[in-house]
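Structure first, commentary second.
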Amino acid sequence: MACIPQTLKNGAFTVLVVDDKPVNLRVVFEALREEGYRVLVAEDGASALKQATKVKPDMVLLDIMMPGMSGIETCRKLKLQPETAGIPVIFMTALSDSEDKTRAFAAGGVDFISKPLDHAEVLARVRTHLEIRRTQVDVDTHMDFLSGLGKERTRDALFSRYAEFLNNRPDHADLVAVLVQPNPDAPLRLEYIEYGNGVDGERLKAKQAGDGSWMAFLSELAMDVDGQINALDSNQWNVPGALAELSIKSFVASGFRVNDHGKGILLTCYSRSIELDRSRRLKWHRILACYLGSAWTNAAEWERMEESGRRLSLENEYLREEAREKADIGGIIGESFVLRKAMNEIDLVAPTEANVLLTGESGTGKELMARRIHELSGRRGGPLVKVNCASIPKELFESEFFGHCKGAFTGAVKSRVGRFLLADGGTLFLDEVGEIPMDLQSKLLRVLQEGTFEPVGEDKTIEVNVRVIAATNRDLERECREGRFRQDLYYRLSVFPICIPPLRERVADVPLLVNHFVESECRKFGYRVIPVAPEVMRILESYEWPGNIRELQNVVARAVILSGGRELRFVLPGRDMAAVSSASGSAMVKDFGLGVGVLNEEDMAVFQRENLQRALVQAGGRIEGEGSASILLGLHPNTLRSRLKSFGIKVGGKDSGQP
């Protein structure tokens with residue numbers, strides 16, 4: 001919206017006069033002061049720019065010929081600054097050269113005053129251009145407001161612009177209210193209110209939309225249900241009791257249409273009697289209401305489109321995430337009997353609409369199995385929306401699942417689409433479903449039973465068509481017995497339970513997974529594919545893999561990073577053996593199961609440390625004495641203690657040797 005300078009509103013115009021000759025400054029200063037203008041002076045371009053930026057005068061009278069920065073250069077710099085670009089500049093000059101005048105106009109000047117200066121000419125030109133400036137700003141402001149209303153994309157922004165416009169008017173209202181009935185079946189509601197000057201607007205704001213309240217209020221205003229004012233005889237409208245109680249002495253109300261089926265009312269109230277021609281006032285008010293109705297409709301449609309856009313954006317992000325995960329992980333890899341059994345169950349249930357409960361330890365690939373169910377189902381064209389229930393704060397569960405409207409709770413600065421609505425027509429994957437709080441489980445059960453829910457802060461019911469796949473590493477049957485999970489919800493989720501086997505039961509799949517992850521990680525880092533020696537693979541197969549496939553992938557990724565593209569070194573947490581090499585020629589000794597080979601310094605250090613730890617374990621933690629670690633290693637007890645200290649191996653208790 002165009003900004004009206006304060007001086008253009010109240011008539012106290014400020015003029016900046018710039019001339020390097022004190023006599024010229026004095027002549028212009030006295031002439032303008034006698035006419036009531038506020039006058040500022042400057043003797044060079046630099047100080048003129050500084051004053052103009054700080055004060056923002058309504059006009060600048062600028063001498064062309066000045067030492068240092070010329071008037072033309074000063075004008076150019078004024079026009080380059082947004083805060084001073086709109087200030088009209090009148091040049092003062094004794095030159096008659098048309099080329100100089102052309103340059104001055106090109107720099108942004110609006111007029112010339114010839115020297116020697118004539119009082120009458122100075123006043124006439126200043127007065128004329130200030131009036132032009134005032135008229136231009138006034139027209140720009142009104143046209144900018146009316147045309148800008150329809151461009152606002154939210155109703156909050158629309159009403160903010162409207163309030164700014166009203167507050168900039170000299171006869172600004174004390175109370176402005178916008179009431180909207182979006183469709184014939186909806187109640188009339190207060191969409192916007194602004195009040196001041198002691199008007200008790202809170203009492204008006206407190207009226208609740210519904211039976212009798214607003215409609216009864218409008219009846220007092222002599223306004224019918226179509227938003228039309230019944231004719232009154234007096235020029236000054238009678239103020240009904242409901243407004244008189246708010247210290248209102250005059251008002252204007254106009255109806256407008258907000259869409260094909262809805263209506264609105266613009267109510268403007270004053271705490272003073274404004275003696276204006278009623279027909280002119282009502283005509284302007286109706287024009288304003290008409291623009292406001294069109295703008296409200298546009299803003300409401302923009303909000304709907306933006307909400308749909310946010311929903312599509314989130315769906316798109318889910319799809320991109322799925323694509324990345326597919327690229328990173330690939331398909332389900334394995335040929336073991338237990339995996340084939342689980343896959344057969346997945347292929348059997350996927351084409352149906354049954355809810356599926358995936359159980360198993362963390363890291364077994366439950367999310368990958370859920371994606372396979374979705375892709376083999378009739379919903380594969382819809383979104384697969386994933387929710388990690390373990391990562392959601394308890395107070396945000398309902399909003400995360402069902403969404404919320406703006407202002408529904410502290411921090412809800414904008415509306416949000418819930419995961420159930422995002423998954424409409426597709427599949428919702430609830431990972432770690434056992435983490436859902438008890439007080440929300442009943443609402444989740446209702447969605448599963450009826451396919452309906454209400455967003456937080458709204459009273460409208462939304463229908464969705466969603467298939468739910470849940471996953472957990474908990475024993476939900478025991479959770480039900482101990483009162484931490486609703487039994488009826490458990491039965492709704494576990495229509496078809498599938499147990500995903502841990503990796504330790506899929507030993508035959510370990511080589512396939514290791515080779516797949518090695519190839520994937522090497523390709524990611526730009527390395528050639530590094531082979532894994534059979535002896536190393538046997539050790540990897542014998543490991544328990546408490547973290548399952550997730551741990552295996554991380555171990556392989558770490559080995560590729562440490563390799564630098566040469567030799568894979570696998571770090572296996574929780575084992576006596578801290579590291580093994582991928583190269584059979586760089587193997588450990590017989591206890592590592594790799595045969596005898598050449599050890600480099602790093603291998604030797606690892607071997608020595610592990611050998612000390614194994615000796616301590618075998619000796620029951622004793623450092624000296626019969627059957628102690630020092631006897632097994634053939635070392636003096638003090639030598640053993642020194643080596644343990646050098647390797648950072650701590651023992652528990654005196655000579656206990658417990659590592």
Side-chain angles (χ1 to χ4, degrees), residues 2-141:
C3 179
I4 308 176
Q6 287 295 324
T7 51
L8 290 180
K9 288 197 221 176
N10 56 31
F13 297 112
T14 299
V15 180
L16 173 62
V17 184
V18 188
D19 200 309
D20 63 317
K21 302 293 193 299
V23 63
N24 290 334
L25 288 177
R26 185 168 57 253
V27 169
V28 179
F29 180 86
E30 292 175 354
L32 295 176
R33 282 289 298 270
E34 289 177 2
E35 289 296 313
Y37 295 108
R38 182 188 176 204
V39 185
L40 305 174
V41 296
E43 294 184 351
D44 55 68
S47 59
L49 289 173
K50 186 175 180 180
Q51 287 197 65
T53 303
K54 182 178 180 180
V55 180
K56 299 180 184 61
D58 301 301
M59 177 173 287
V60 176
L61 297 181
L62 184 58
D63 185 24
I64 288 184
M65 299 298 294
M66 294 188 298
M69 187 186 302
S70 69
I72 291 177
E73 182 63 24
T74 303
C75 183
R76 286 198 187 102
K77 291 189 176 183
L78 282 171
K79 298 302 177 181
L80 288 175
Q81 299 180 25
E83 61 270 23
T84 59
I87 300 174
V89 177
I90 299 178
F91 284 105
M92 301 181 295
T93 181
L95 301 175
S96 58
D97 191 342
S98 60
E99 183 177 347
D100 287 332
K101 292 183 178 181
T102 301
R103 289 171 55 232
F105 278 121
V110 297
D111 206 347
F112 274 90
I113 300 176
S114 298
K115 293 181 179 181
L117 300 173
D118 178 77
H119 283 206
E121 181 184 6
V122 171
L123 293 176
R125 292 184 185 276
V126 169
R127 189 182 303 114
T128 298
H129 285 288
L130 283 175
E131 286 300 322
I132 292 173
R133 171 69 171 155
R134 190 214 301 264
T135 302
Q136 177 186 355
V137 170
D138 193 49
V139 170
D140 288 346
T141 300

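Quantities reported herein were computed from a predicted structural model and do not represent experimental measurements. Numbering of residues begins at 1 and proceeds along the displayed sequence.
K79 places no side-chain N or O within 3.5 Å of a backbone atom of T84 that could act as its donor or acceptor partner. Within the 3.5 Å criterion, the main-chain N or O of P22 finds no donor-acceptor partner in the side chain of E43.
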Would R38 and V55 count as a side chain to side chain contact (heavy atoms under 4.5 Å, CB included) if you check the C-alpha gap in whole Å, the side-chain angles of each, and the deciding distance to 0.1 Å?
CA-CA 11 Å; R38 182 188 176 204; V55 180; 4.0 Å; yes
I90 vs V110, test: side chain to side chain contact (heavy atoms under 4.5 Å, CB included). Steps then yes/no.
CA-CA 6 Å; I90 299 178; V110 297; 4.0 Å; yes
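Qualifying side chain to side chain donor-acceptor pair (under 3.5 Å) partners for T128, counting only residues two or more places apart in sequence or in other chains: none. With sequence neighbours excluded, the residues forming a side chain to side chain donor-acceptor pair (under 3.5 Å) with Q81 are T53, listed by chain and number. The side chain to side chain donor-acceptor pair (under 3.5 Å) test applied to R103 returns D100, not counting sequence neighbours. Under the side-chain contact (heavy atoms from CB on, under 4.5 Å) criterion, K50 pairs with no residue, sequence neighbours left out. Under the side-chain contact (heavy atoms from CB on, under 4.5 Å) criterion, M69 pairs with L49, E73, T74, K77, sequence neighbours left out. Residues satisfying the salt bridge (charged side-chain N to carboxylate O under 4.0 Å, His left out) criterion with R26, sequence neighbours excluded, are absent altogether. Under the side-chain contact (heavy atoms from CB on, under 4.5 Å) criterion, F112 pairs with I64, F91, T93, K101, A104, F105, sequence neighbours left out. Applying the side-chain contact (heavy atoms from CB on, under 4.5 Å) rule to E35 yields the partners Y37, L123, R127; only residues at least two apart in sequence or on another chain are considered.
C75 approaches G108 most closely through the heavy-atom pair SG-C, 3.9 Å. Shown here for A48 and V18, the closest heavy-atom pair between the two residues is CB-CG2, 3.6 Å. Of all the heavy atoms in A52 and L78, the pair that sits closest is CB-CD2, 3.6 Å. Residues V39 and L32 share a closest heavy-atom pair of CG2-CB, 3.5 Å. The heavy-atom pair separating V126 from M59 by the smallest distance is O-CE, 3.7 Å.
From K56, atom NZ reaches atom OG1 of T14 across 12.0 Å, with rounding to the nearest 0.5 Å. How far CE of M66 is from NZ of K21: 10.0 Å, rounded to the nearest 0.5 Å. Here the straight-line distance linking atom CD1 of I113 with atom CG of L62 works out to 11.0 Å at 0.5 Å rounding.
Taking 4.5 Å as the limit, every side-chain heavy atom of V122 sits out of range of all side-chain heavy atoms of M92. Side-chain contact between L117 and V28 is present, with heavy atoms from C-beta onward closer than 4.5 Å.
For the side chain to side chain donor-acceptor pair (under 3.5 Å) condition, the pairs that include at least one residue of residues 109-124, sequence neighbours left out, are D19-K115, D63-K115, D111-R125, D111-H129, E121-R125. Residue pairs that meet the ring-ring contact (aromatic ring centres under 6.0 Å, His included) test with at least one member in residues 39-85, sequence neighbours left out, do not exist here.
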